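Report on one structure; see the data block that follows.
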Amino acid sequence: MAIVQPKNQKWRVFFAHAFLWALIALTVFPLLAVISISLRPGNFAAGGLIPTEISLEHWKLALGFSYQAADGSLVEPPFPVLLWLWNSIKIATISAFLIVAISTTAAYAFARLRFPFKRGLLNSMLLLQMFPVVLALVAIFAIFETIGAYLPWLGVETHAGLIVAYLGGVATHIWTIKGYFETIPVEIEENAKVDGATHWQAFRHVLLPMAVPILVVVFVLAFIGTIIDYPVASVLLREESNLTLAVGSKYYLNDQRYLWGDFAAAAVLSGLPITLVFLAAQRWIVSGLTAGGVKG
Amino acid sequence: MNATFLKWPLVAGIAAACLWLVMAIMSTGQMAWGIGALVLFASAFWVYLSRASFAYRYLFPGIAGMVLFVAFPLVYTFQLGFTNYSSTNLLTEERSRAYLLDQSEFDEEEALGYSLHPDGKEFRLVLRNADGEPVWVTGPLALRSGKMPPLITPHPPAQASFAIGEPLPLRDLLSHRQVLQQLHVHIPNGPELHYAGVREFAPVNRLWKSMPDGLVQEVATGVVYSPNRDTGFFENAAGERLQPGFKVGIGWKNYARLFGDPDFRGPFIAIFIWTVVFAGLTVVFTTAVGMALAVLLNWEGLRGRTVYRTLLFLPYAVPGFISILVFKGLFNQNFGEINAILDALFGIKPAWFADPLLAKVMILIVNTWLGYPYIMILCSGLLKSIPADLYEASALAGAGPLTNFFKITMPQIIKPLTPLLISAFAFNFNNFVLIALLTDGRPDFLNTKLPAGQTDILVSYTYRIAFRDSGQDFGLAAAISTLIFILVALLSIVNLRLTRSNEERK
């Protein structure tokens, strides 16, 4: 803190606090509003932030239960939220594992092995990662339609196809893991090789255990990136039972069928696990990136 | 040592499977895909079996993944922009022609009614004429086996050695429908009859006849259609077209349409301008808010900064698709919370989704909400690098906080921040998810040839052309994508130059 302070320091602090709380009220308002709306009866009510009436009907629908409305009719869940959540988690977990496996082996090659075209490959990978996948959607759809004609379990509308589509986005992760590997001294593996280990054994038994923090980081980043993806999933998945959460949530707010309250409950329900993973990720990312001593 | 026993048989097995796949692809005429698959498998085998390519074994999955799903789509999209690939022109010419030649209809005049009769465990088909008299009886058919011989020849009732009793009721007849559909009954010295519904077997007439040189002739009228390789349709002399069309290369026509056709060019340019404005203003607003907050939260005179930082970071922690849809509901004109509050305070209910300007304002508000935490964190990190004695000196000189900000803070962090701002610009230039989920590009422009939205950005417009609305014009979408590629490449080059010059300066 500066030794010299202006005279109106107290006023400045007061106004700063006031301003920050006003700003926080604005930014956190949408999140609080959603929770309140999920507890409000009906899909069209207007009301204040604190609900005057609490109704658990939207939560019941979000969890997959039907309930009986006041007029005696049976209200069924409009969309299979838990199924979508399961689809999302399943696809994200498998994709993340595969992405880590592929990125780690490639990063090992870039960090430790010598081979022709190394610089060229690195630079072209950097260049390729700058193109957003949104632009290649037509091509991706065409690729999977063709694959689906010969291997139907891998084509459009399949989860396997979607997982394979996500395996192309490994450039950033290769870069991250490569950077981490380069901070680990080569001598340790070379000692292992002197003792008779092959390349693969040195990689598997010596380097990998030391790299666990960064692998966890990449896993979490890949998991989050896959679970929130909308463009690729919306192109490859169309049938309602196949959808992921990111694609399916949109159908709640159709102009002809506007289910605001139901969506609010589904959003809070589905947002919880994902937000928790996201916040945990922040902690891991910080500790993972500094634990290996990634310098500079 | 045990592994080598299994190695070669396993390799041979996998090789056989790969070759079978390549053959299957090639047999349907898709030479390009077949060759591509062959190259992929061949390189995989070489990498994993040859001694020379040891390092590539580790690289292969990663590089193959990137080539297949990043590099190849780029090239494919590029060449697609030069074709007329769309939902009306989806097939190759051969497949389109084969489809036409397959079209057939039942000949009602030669149709015969039928009934099914049980014969022990099997069944007999009895074909009847218009008066209900049986004219033909087939041999015993094992309908329950599910499979029928390709052709069955029936006999006149006298020769059939079968007493025609009560026919099966309709319900039982329906249960054998699947198998009956496979039956082809060849009347001796007569036509071949196919299953034509629950009551009739009828001969099948093809609608189109194959002519030499790839032409087709409509049997009913005798009109000949020839494939037009410029437009991708079968056309007759009068210029009438047949569906389905086929895919042809059309050269630069898609691009000519984008820049030449005024009905198209108008909305395209408007969308392009809005994309640039949207990305630019997003960067400006998020940077203003993020930097101001970072500076404020860096002030040691303020207590509880960690609490503030966590709370203000929350918008970034909630997954994008959820928060965008939440805003979609909040901004709803009739029952959204925001309009409820505005109505209570000022008595106005802005039409956020119907009015184009308000829709754009809403998009910018939401994107600022989504984006400022990222800039805030970035700036917090960068602020740490400014030496504290600069502020001491300025306090001694009697300068206020604004002077501190504009003369010390800003110049110091703007340099390392610029490449990150350019990346943020490039990201928002293609921020498909926000537009698709929030407004879907609406409200639409009036009187355009293809539906275009006033809040559409280039990528969402491309998506709309390719996957929705009228025509599903993949070729046109690919052409627009190629243009965006070029823009993104230019931005990336600028970004790379700046980062390199930054590092050289250090």
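Residue numbers begin at 1 in each chain, while the letters A, B, ... track the order of the sequences. Since the structure is predicted, the reported quantities are computational estimates derived from the model, not experimental observations.
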Interchain contact, B/I322 with chain A, by part (heavy-atom threshold 4.5 Å): both
Compare all side-chain heavy atoms of B/L59 with those of A/L121 and state whether any distance is below 4.5 angstrom. yes
Between B/L293 and chain A, with a heavy-atom cut-off of 4.5 Å, which part of the residue counts as in contact: side chain, backbone, both or neither? side chain
Not counting sequence neighbours, which residues clear salt bridge (Lys or Arg N to Asp or Glu O under 4.0 Å) with B/K247? List them please. none
Most chain B-contacting option - heavy-atom pairs closer than 4.5 Å, from A/I224, A/I140, A/I227, A/I102: A/I102
Nearest 0.5 Å, please: how far is OH in A/Y230 from CG in B/L434? 12.0 Å
For a 4.5 angstrom cut-off between non-hydrogen side-chain atoms, does A/F29 reach B/I341? yes
List the atom of A/G168, the atom of B/M66, and the distance in Å for their closest heavy-atom pair. O-CG, 3.7 Å
Give me the atom names and distance for the closest heavy-atom approach of A/P30 to B/F327. CG-CZ, 3.5 Å
Can you tell me which portion of B/I324 sits under 4.5 Å from chain A's heavy atoms? Options are side chain, backbone, both or neither. neither
Contact part of B/F429 toward chain A, heavy-atom cut-off under 4.5 Å: side chain, backbone, both or neither? neither
Check each atom of B/F427 against the heavy atoms of chain A and say whether the ones under 4.5 Å are side chain, backbone, both or neither. neither
Min side-chain heavy-atom separation B/P73-A/I143 under 4.5 Å: yes
Are the side chains of B/Y463 and A/P231 in touch, meaning some heavy atoms are under 4.5 Å apart? no
Between A/L137 and B/F474, does a side-chain contact (heavy atoms from CB on, under 4.5 Å) hold up when you go through it step by step? CA-CA 10 Å; A/L137 284 178; B/F474 300 118; over 6 Å; no
Quick one: of B/L314, B/V75, B/L312, who has the most non-hydrogen atom pairs under 4.5 Å with chain A? B/L312
Proximity breakdown for B/A436 and chain A, heavy-atom pairs closer than 4.5 Å: both
Rounded to the nearest 0.5 Å, how far does OG1 of A/T27 lie from CZ of B/F313? 12.5 Å
If one checks every heavy atom of A/F144 against chain B at 4.5 Å, the contacting part turns out to be side chain
Taking atom CZ of B/F78 as the centre, report whether more than 12 heavy atoms of other residues, nucleotides or ligands fall under 6.0 Å from it. no
For a quick test of reading the model, state the closest non-hydrogen atom pair linking A/R12 to B/P401 and the distance between them. NH1-CD, 3.4 Å
Please flag which part of B/D440 lies under 4.5 Å from any non-hydrogen atom of chain A: side chain, backbone, both or neither. side chain
So for B/A489, is it side chain, backbone, both, or neither that comes closer than 4.5 Å to the heavy atoms of chain A? both
What distance separates B/L325 CG from A/K250 NZ, expressed to the nearest 0.5 Å? 8.5 Å
Non-hydrogen atoms of chain B under 4.5 Å away: do they reach the side chain of A/I228, the backbone, both or neither? both
In Å and rounded to the nearest 0.5 Å, what is the CG to CD distance from A/L32 to B/E337? 12.0 Å
Okay, B/Y372 and chain A: the region with an atom under 4.5 Å from a heavy atom over there is side chain
Comparing B/F432, B/Y308, B/Y76 against chain A, the one with the most heavy-atom pairs below 4.5 Å turns out to be B/Y308
Which bit of B/I480 is near chain A, if near means a heavy-atom gap under 4.5 Å: side chain, backbone, both or neither? neither
If you look at every heavy atom in B/G62 and A/V170, which pair is closest and at what distance? O-CG2, 4.0 Å
Which one, B/L21, B/T77, B/N332, leads in non-hydrogen pairs under 4.5 Å with chain A? B/N332
Pick whichever of B/P61, B/A426, B/S481, B/G329 has the most heavy-atom pairs under 4.5 Å with chain A. B/G329
Can you say whether the rings of A/F141 and B/F467 are parallel (under 30°), tilted (30 to 60°) or perpendicular (over 60°)? perpendicular
Do B/L297 and A/L20 touch side chain to side chain, with heavy atoms closer than 4.5 Å? yes
What part of A/V268 gets within 4.5 angstrom of chain B, counting heavy atoms only: side chain, backbone, both, or neither? neither
Tell me, side chain or backbone of A/H173 under 4.5 Å from chain B's heavy atoms, or both, or neither? neither
Counting heavy-atom pairs under 4.5 Å to chain B, which of A/A107, A/G169, A/S234 comes out on top? A/S234
Could you tell me which of B/V67, B/L437, B/L458, B/I338 has the largest number of non-hydrogen atom pairs under 4.5 Å with chain A? B/L437
Whatever's closer than 4.5 Å to a heavy atom in chain B on A/L245 counts as both
Checked A/S270, A/S103, A/S249 vs chain B; the most non-hydrogen pairs under 4.5 Å come from A/S249
Which region of B/A388, side chain (C-beta onward) or backbone (N, CA, C, O), has a non-hydrogen atom less than 4.5 Å from a non-hydrogen atom of chain A, or is it both or neither? neither
Drop me the distance from A/L26's CG to B/I365's CD1, to the nearest 0.5 angstrom. 10.0 Å
Non-hydrogen side-chain atoms of B/V326 and A/I37 separated by less than 4.5 Å: no
Once side-chain hydrogen bond (donor to acceptor under 3.5 Å, both in side chains) is applied, what residue pairs with a partner in residues 162-171 of chain A remain, sequence neighbours excluded? A/Y166-A/D229
Between A/F110, A/F263, A/Y252, A/F203, which has the largest tally of heavy atom pairs under 4.5 Å with chain B? A/F263
Which atoms of B/L311 are under 4.5 Å from chain A, going by heavy atoms: the side chain, the backbone, both sets, or neither? both
Within 6.0 Å of CZ in A/R204, more than 12 heavy atoms from elsewhere: no
Would you check if B/F321 and A/V247 make a side-chain contact, meaning some heavy-atom pair closer than 4.5 Å? no
So, the part of A/V13 with a heavy atom under 4.5 Å from chain B: the answer is both
With a 4.5 angstrom heavy-atom cut-off, could you sort out which part of A/L31 is near chain B: side chain, backbone, both or neither? side chain
Between the CZ atom in A/F19 and the CG atom in B/L296, the distance rounded to the nearest 0.5 Å is 7.0 Å
Quick one: which of A/T104, A/I174, A/L167, A/V235 has the most heavy-atom pairs under 4.5 Å with chain B, could you say? A/V235
If you tally heavy-atom pairs under 4.5 Å against chain B, which of A/A16, A/A101, A/A267, A/P116 wins? A/P116
